[in-house]
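Below is one structure, written out as structure tokens; the observations come after it.
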Amino acid sequence: MNNGKLIDALFTQGWFVWDDFLTQDKVSELKACIPADWSQAGIGRNETYLTKKAIRSDKIQWLSSDMGPPVTDFLQQMNDIRVEVNRHFFLGLFEYEAHFSKYEQGDFYQKHLDCFRGQENRKLTTVFYLNDDWQPGHGGCLKMYDLDDNELATLDPKAGRLVVFLSELFPHEVLPVTQQRFSIAGWFRTNGVSGHQLDIAR
């Protein structure tokens, strides 16, 4: 595990790119758990939840441990990160939720933050990529900004890469894709607000 570098990067810049977070074999095992059934992703929460394809057009399926041991192992590794981050930053992270995301040709997600104003219960976002042999022409990059709209990074969604960032500080978007693109997107929360209708990172 590369937790030392993760902690250092979160302290100094608030985000971290962890290449080869999982081996190729582990990525393949997770890909084998990708579901056949998908729901159209939306924005908002509870009574304000809407599907707006002009803002985001991906599809999602929530992770659960009954999807198989590879998913259970992934969720355990996310819990290890939660414990380590809490130990160093005292963020009070207590729960992690995540979903598979699927982008088909032309799909995208406009620039957004992973928390709602006045309800900043989401503190730390993670995005893990499952795409073998991703090429520049395939699009689908994660583009990150600071709160002053300065571009910080443009990241290819290549297999094994984990991106971690503080949810309240980094607007981001997913550029349109030309190839089918898969990821696991999730966040750590500090209270019990239901997360099953939230505009989370990709």
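- Neither Val83 nor Phe89 shares a network with the other; the hydrophobic side chains, linked directly or stepwise wherever heavy atoms of I, L, V, M, F, W or Y lie under 4.5 Å apart, form separate groups for each.
- With rounding to the nearest 0.5 Å, the separation of CZ in Phe108 from CG in Leu175 is 11.0 Å.
- Using a 4.5 Å cut-off between side-chain heavy atoms of Ile, Leu, Val, Met, Phe, Trp and Tyr, with links allowed through other members, Leu166 and Leu147 fall into the same hydrophobic cluster.
- Formation of a donor-acceptor pair under 3.5 Å by the Asp58 side chain with backbone atoms of Lys102 is not found in this model.
- Remark: Asp149 engages Lys111 in a side chain to side chain donor-acceptor pair (under 3.5 Å) (not counting sequence neighbours).
- For Gln135, there are no side chain to side chain donor-acceptor pair (under 3.5 Å) partners, not counting sequence neighbours.
- Across all their heavy atoms, Phe74 and Ile184 have their closest contact at CE2-CG2, 3.6 Å.
- Between the side chain of Asn121 and the main chain of Thr190, no donor-acceptor pair closer than 3.5 Å is present.
- Under the rule for a side chain to side chain donor-acceptor pair (under 3.5 Å), Asp156 has no partner lying at least two apart in sequence or in another chain.
- Within the 3.5 Å criterion, the main-chain N or O of Val164 finds no donor-acceptor partner in the side chain of Thr126.
- Looking at every heavy atom in both residues, Ser167 comes nearest to Leu113 through O-CD2, 3.5 Å.
- Note that CD of Glu168 and CZ of Phe170 are 11.0 Å apart. Values are rounded to the nearest 0.5 Å.
- Contact annotation: the side chain of Val85 approaches that of Ile7 to within less than 4.5 Å [non-hydrogen atoms, C-beta and beyond].
- Inspection of the Gln77 and Asp73 side chains reveals no N or O donor paired with an N or O acceptor under 3.5 Å.
- Every residue two or more places apart in sequence or in another chain that forms a salt bridge (Lys or Arg N to Asp or Glu O under 4.0 Å) with Asp132 is listed here: Lys31.
- Both Leu75 and Ile81 belong to a single network of hydrophobic side chains, linked directly or stepwise wherever heavy atoms of I, L, V, M, F, W or Y lie under 4.5 Å apart.
- A donor-acceptor contact shorter than 3.5 Å links the side chain of Arg122 to the backbone of Asp114.
- Tyr109 and Ser101 are not linked by any side-chain donor-acceptor pair at a separation below 3.5 angstrom, with hydrogens and angles left out of the test.
- Side-chain atoms of Asn131 and Gln179, non-hydrogen and from C-beta on, never get closer than 4.5 Å to each other.
- For the pair Arg161 and Tyr129, the cation-pi test (distance below 6.0 Å, angle within 45°) is failed.
- Less than 6.0 angstrom separates the ring centroid of Phe165 from the ring centroid of His172.
- Heavy-atom minimum distance, Phe21 versus Met78: CZ-CE, 3.6 Å.
- Taking the side chain as every heavy atom from C-beta outward, Phe188 and Leu91 never approach each other to under 4.5 Å.
- The two residues Gln110 and His112 come nearest to each other via the heavy atoms O-ND1, 2.8 Å.
- Residues Leu22 and Phe128 have side chains in contact (heavy-atom distance under 4.5 Å, counting atoms from C-beta outward).
- The shortest side-chain heavy-atom distance between Trp18 and Lys5 does not fall under the 4.5 Å cut-off.
- Using a cut-off of 4.0 Å between Lys/Arg side-chain N and Asp/Glu carboxylate O, Glu173 and Lys143 are scored as not salt-bridged.
- Residues Val17 and Leu142 fail the side-chain proximity criterion, which asks for heavy atoms closer than 4.5 Å.
- Residues passing the ring pair (Phe, Tyr, Trp, His ring centres under 6.0 Å) test with Phe100: none are found, sequence neighbours excluded.
- Here the side chains of Asp146 and Leu169 are not in contact, with every heavy-atom distance at 4.5 Å or above.
- Side-chain contact between Lys158 and Val27: absent, with no pair of heavy atoms (C-beta onward) separated by less than 4.5 Å.
- Both Leu162 and Trp15 are members of a single hydrophobic cluster when ILVMFWY side chains are connected at heavy-atom separations under 4.5 Å.
- Between the CG atom of Asn79 and the CD atom of Glu95 there is a distance of 11.0 Å, given to the nearest 0.5 Å.
- Separating the CG atom in Leu124 from the CG atom in Leu10 is a distance of 6.0 Å, to the nearest 0.5 Å.
- Here the straight-line distance linking atom CG of Asp8 with atom NE2 of His88 works out to 8.5 Å at 0.5 Å rounding.
- Ring planes of His99 and Trp62: perpendicular class, angle over 60° (limits at 30 and 60°).
- A 6.0 Å sphere centred on CG of Asn150 holds more than 12 heavy atoms belonging to other residues, nucleotides or ligands.
- Of all heavy-atom pairs between Cys141 and Thr154, the closest is CB-CG2, 3.6 Å.
- In terms of heavy-atom proximity, Met144 sits nearest to Leu155 at SD-CD1, 4.1 Å.
- Between His138 atom NE2 and Arg181 atom CZ the span is 13.0 Å, to the nearest 0.5 Å.
- The cluster map of Ile, Leu, Val, Met, Phe, Trp and Tyr, joined by side-chain heavy atoms under 4.5 Å apart, puts Ile55 and Tyr145 in different clusters.
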What pairs of donor and acceptor atoms, side-chain ones from residues 64-72 against any protein atom, are under 3.5 angstrom apart with sequence neighbours left out?
residue : atom : partner : partner atom : Å
Ser64   : OG   : Asp66   : OD1          : 2.3
Thr72   : OG1  : Ser65   : O            : 3.2
Thr72   : OG1  : Gly68   : O            : 3.3

